[in-house]
Amino acid sequence: MPELPEVEVVRAGLEPAVTGSLITGVEIFDVRSLKRHSVLAGPFADLLAGHRMLAAVRRGKFLWFPLSSGRALVTHLGMSGQVLLRAPGAVEDGLLRIRLSIEHPTLGEFWVNFVDQRIFGSMAVDELVPTPDARPAGFAGATSLDPAWAALIPSQVAHIARDPLDPAFHETTFFAALNRKNTGIKRALLDQTLVSGIGNIYADEALWAAKLHFEQPTSSLGPRVARRLLAEVRLVLTKALAEGGTSFDAQYVNVNGASGYFSHSLNAYGQQGKPCPRCGHLIVRAAFMNRSSHFCPHCQKLRRPRATQ
DNA sequence: AAACTGACCTGCAAGC
DNA sequence: TGCTTGCAGGTCAGTT
């Protein structure tokens, strides 16, 4: 569920509370939320208790907290994950899977509650490895002043591409990959090894803004169109972030449980049956990759379509 | 090698 | 009211 803007809202909310905090307790209520944790690393709780979190870092939809032990706590929200900051003793959150008790040097004690309805998300303690380009591995907000962990990335996140808001995102490599690939543009936007952070909502929104059909072959995009699309991706992610992300229900909330407002700004996603804000034709929903694509059939036509036997 | 399909899960709304 | 069905913001292993 949460895409880059939603995950960034969570990261930014956690940053002040977790940076410098000592982990004093770990409670696991559902081991399925540890599916990304390798038992070879050791018991999850033992690898956390007694160590400090040094920062809150994000690349795409992955979030991690470098630890004083030299490892990192990795968090992915999956489709329905939330990380909630609570005062110790607060009323129980439903669907609570993991809880960390932490102690901040000046702000005091918190509960970090990992809540996840569908359990597609997870937490794990992972090794940190150097980034190939020696650039900062992800976005760390105000904490990143060339610290030791900046150019280190959790091993399980290393295969994920940089996101389009990352200053080290390599545009040329991305455009070259689009040229080389033999697939549709939406599939490519959702491929986190090409560009990270984009999910079903923002893929549909960016394609609507760029007037591209979701099955337009990537290899058919000229340099100008590809640039335009990337610009639209950045624009929609930035706008959504400014509005606190997209919330349809209580499933996506920030660390305090509050919703974002971007759902009011959607032009295509979930708008099937409503008029396209640009041309007035009705937005259509189509099956795509075991999910849905939403688009305007009038201003998002397939160009140079391949022969359809 | 690259492209694509299920599997993994729970809860909610809509339809009967 | 209670059942069934379809649907949901993602990733990964496995199969062609």
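Just so we're clear, the structure is a prediction, and the values are computed from it rather than from any experiment. Protein chains get the first letters and strands the later ones, always in sequence-line order, with residue 1 at the start of each.
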Colleague: Give one of base, sugar-phosphate or nothing for A:Lys181, where a contact means two heavy atoms less than 4.0 Å apart.
Modeller: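 Counting heavy atoms under 4.0 Å across all strands, the contact made by A:Lys181 is with sugar-phosphate only.
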Colleague: For the residue pair A:Phe62 and A:His76, categorise the inter-ring angle as parallel (less than 30°), tilted (30 to 60°) or perpendicular (more than 60°).
Modeller: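 It falls in the perpendicular class, over 60°.
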Colleague: Under the 3.5 angstrom rule, does the side chain of A:Gln271 hit a backbone N or O of A:His294 as a donor-acceptor pair?
Modeller: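 Not a single qualifying donor-acceptor pair exists.
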Colleague: At less than 4.0 Å, is any side-chain N or O atom of A:Ser292 found next to OP1 or OP2 of C:dA8? Yes or no.
Modeller: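 True: A:Ser292 side-chain N/O within range (under 4.0 Å) of C:dA8 OP1/OP2.
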Colleague: So what stems show up for DNA chain B if we need 3 or more Watson-Crick or G-U pairs in a row, all under 3.5 Å?
Modeller: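 When the pairs of DNA chain B are grouped into runs of at least three, the stems are B:2-8 with C:10-16, B:10-16 with C:2-8.
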Colleague: Could you tell me whether A:Asp163 and A:Arg58 have a side-chain N and a carboxylate O separated by less than 4.0 Å?
Modeller: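 The answer is yes: the pair qualifies as a salt bridge.
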Colleague: Set out, line by line, the N/O atom pairs under 3.5 Å between protein and nucleotides 12-16 of chain C.
Modeller:
{"unit_1": "C:dC12", "atom_1": "OP2", "unit_2": "A:His159", "atom_2": "NE2", "d": "3.1"}

Colleague: In whole Å, what is the span from the CZ atom of A:Arg285 to the C1' atom of C:dC7?
Modeller: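 Result: 7 Å.
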Colleague: For residues A:Phe295 and A:His213, establish whether the separation of their ring centroids is below 6.0 Å.
Modeller: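 Yes; A:His213 has its ring centre under 6.0 Å from that of A:Phe295.
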Colleague: Ignoring hydrogens, what is the shortest heavy-atom contact between A:Gly280 and A:Pro275? Give both atom names and the distance.
Modeller: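 Distance-wise, the nearest heavy atoms are O-CB, 3.5 Å.
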Colleague: Using a 4.0 Å heavy-atom cut-off, does A:Asn290 contact any base of the nucleic acid, only the sugar-phosphate backbone, or nothing at all?
Modeller: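 It contacts base atoms.
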Colleague: Counting any heavy atom closer than 4.0 Å, what does A:Arg291 reach on the DNA or RNA strands: base, sugar-phosphate only, or nothing?
Modeller: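 Base contact.
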Colleague: Pick the P atom in C:dG14 and in B:dC9, then give their distance to the nearest Å.
Modeller: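 Looking at atom P only, C:dG14 and B:dC9 are 15 Å apart.
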Colleague: Which is true for A:Phe248 with a 4.0 Å heavy-atom rule: it touches a base, it touches only sugar-phosphate, or it touches nothing?
Modeller: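 Counting heavy atoms under 4.0 Å across all strands, the contact made by A:Phe248 includes a base.
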Colleague: Let me know the distance between CD of A:Gln82 and C1' of C:dG10, rounded to the nearest Å.
Modeller: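 It is 16 Å, rounded to the nearest whole Å.
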Colleague: In this structure, how many angstroms lie between the P atom of C:dT11 and the CG atom of A:Asp163, rounded?
Modeller: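 Those two atoms, CG and P, are 12 Å apart.
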Colleague: Under 4.0 Å, counting only non-hydrogen atoms across every strand here, what does A:Leu190 touch: a base, just sugar-phosphate, or nothing?
Modeller: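 It contacts nothing in the nucleic acid.
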Colleague: Using the P atom in both, what is the distance from C:dT11 to B:dA1, to the nearest Å?
Modeller: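 Result for the P pair: 24 Å, nearest Å.
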Colleague: Charged N to carboxylate O below 4.0 Å: is that the case for A:Glu243 and A:Lys239?
Modeller: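 Judged by the 4.0 Å cut-off on N to carboxylate O distance, A:Glu243 and A:Lys239 do not form a salt bridge.
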Colleague: For a 4.0 angstrom threshold against heavy atoms of chain A, report the outermost contacting nucleotides of DNA chain B in 5' to 3' order.
Modeller: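 The contacted stretch runs from B:dA3 to B:dG11.
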Colleague: Check this for me, if you would: do A:Asp204 and A:Arg291 make a salt bridge, where the nitrogen-to-carboxylate-oxygen distance has to be below 4.0 angstrom?
Modeller: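 No.
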Colleague: Let me know the distance between CD of A:Gln117 and C1' of C:dA8, rounded to the nearest Å.
Modeller: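 Going from CD in A:Gln117 over to C1' in C:dA8 covers 9 Å.
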Colleague: Nearest whole angstrom, please: distance from the C1' of C:dG10 to the CD of A:Gln192.
Modeller: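 Spelled out: CD on A:Gln192 to C1' on C:dG10 is 8 Å.
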Colleague: Less than 3.5 Å apart, any donor N or O on the side chain of A:Arg36 or A:Ser122 sitting next to an acceptor on the other?
Modeller: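 Short answer, yes.
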Colleague: For A:Phe120 and C:dG10, is the gap between ring centres under 5.5 Å while the planes differ by less than 30°?
Modeller: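 By the stated criterion, A:Phe120 and C:dG10 stack.
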Colleague: Okay, side chain of A:Glu6, backbone of A:Thr246: is any donor-acceptor separation there less than 3.5 Å?
Modeller: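 Pair found, side chain donor or acceptor close to backbone of A:Thr246.
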Colleague: Please determine, by modelled atom types, if A:Ser293 and A:Lys186 share a side-chain donor-acceptor pair under 3.5 angstrom.
Modeller: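 Yes, a side-chain donor-acceptor pair sits under 3.5 Å.
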Colleague: Taking only N and O in the side chain of A:His76, is any of them less than 4.0 Å away from OP1 or OP2 of C:dT11?
Modeller: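 Checking C:dT11 against A:His76, a side-chain N or O does come within under 4.0 Å of OP1 or OP2.
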Colleague: Using a heavy-atom cut-off of 4.0 Å across all strands, would you classify A:Thr218 as base, sugar-phosphate, or nothing?
Modeller: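 Here A:Thr218 touches no strand at all.
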Colleague: If you pin A:Arg118 and A:Met289 to their nearest nucleotides in DNA chain C, which one's is more 5'?
Modeller: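 With A:Arg118 and A:Met289 compared, the 5'-side residue is A:Arg118.
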Colleague: Hey, does the side chain of A:Gln216 reach the backbone of A:Leu221 with a donor-acceptor pair shorter than 3.5 angstrom?
Modeller: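 Side chain of A:Gln216 to backbone of A:Leu221, a donor-acceptor pair under 3.5 Å: no, none is there.
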Colleague: Atom CD1 of A:Ile119 to atom P of C:dG10: distance rounded to whole Å?
Modeller: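 Rounding to the nearest Å, CD1 of A:Ile119 and P of C:dG10 are 18 Å apart.
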Colleague: Using a 3.5 Å distance criterion without hydrogens, assess whether the side chain of A:Arg59 forms a donor-acceptor pair with backbone atoms of A:Ile160.
Modeller: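 Such a contact is found between A:Arg59 side chain and A:Ile160 backbone.
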Colleague: I need the NE2-C1' distance between A:His294 and C:dC7, as an integer number of Å.
Modeller: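 Taking NE2 of A:His294 and C1' of C:dC7, I get 10 Å after rounding.
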Colleague: Can you tell whether the side chains of A:Glu232 and A:Lys211 come within less than 4.0 Å, N to carboxylate O?
Modeller: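 No, no charged N to carboxylate O under 4.0 Å.
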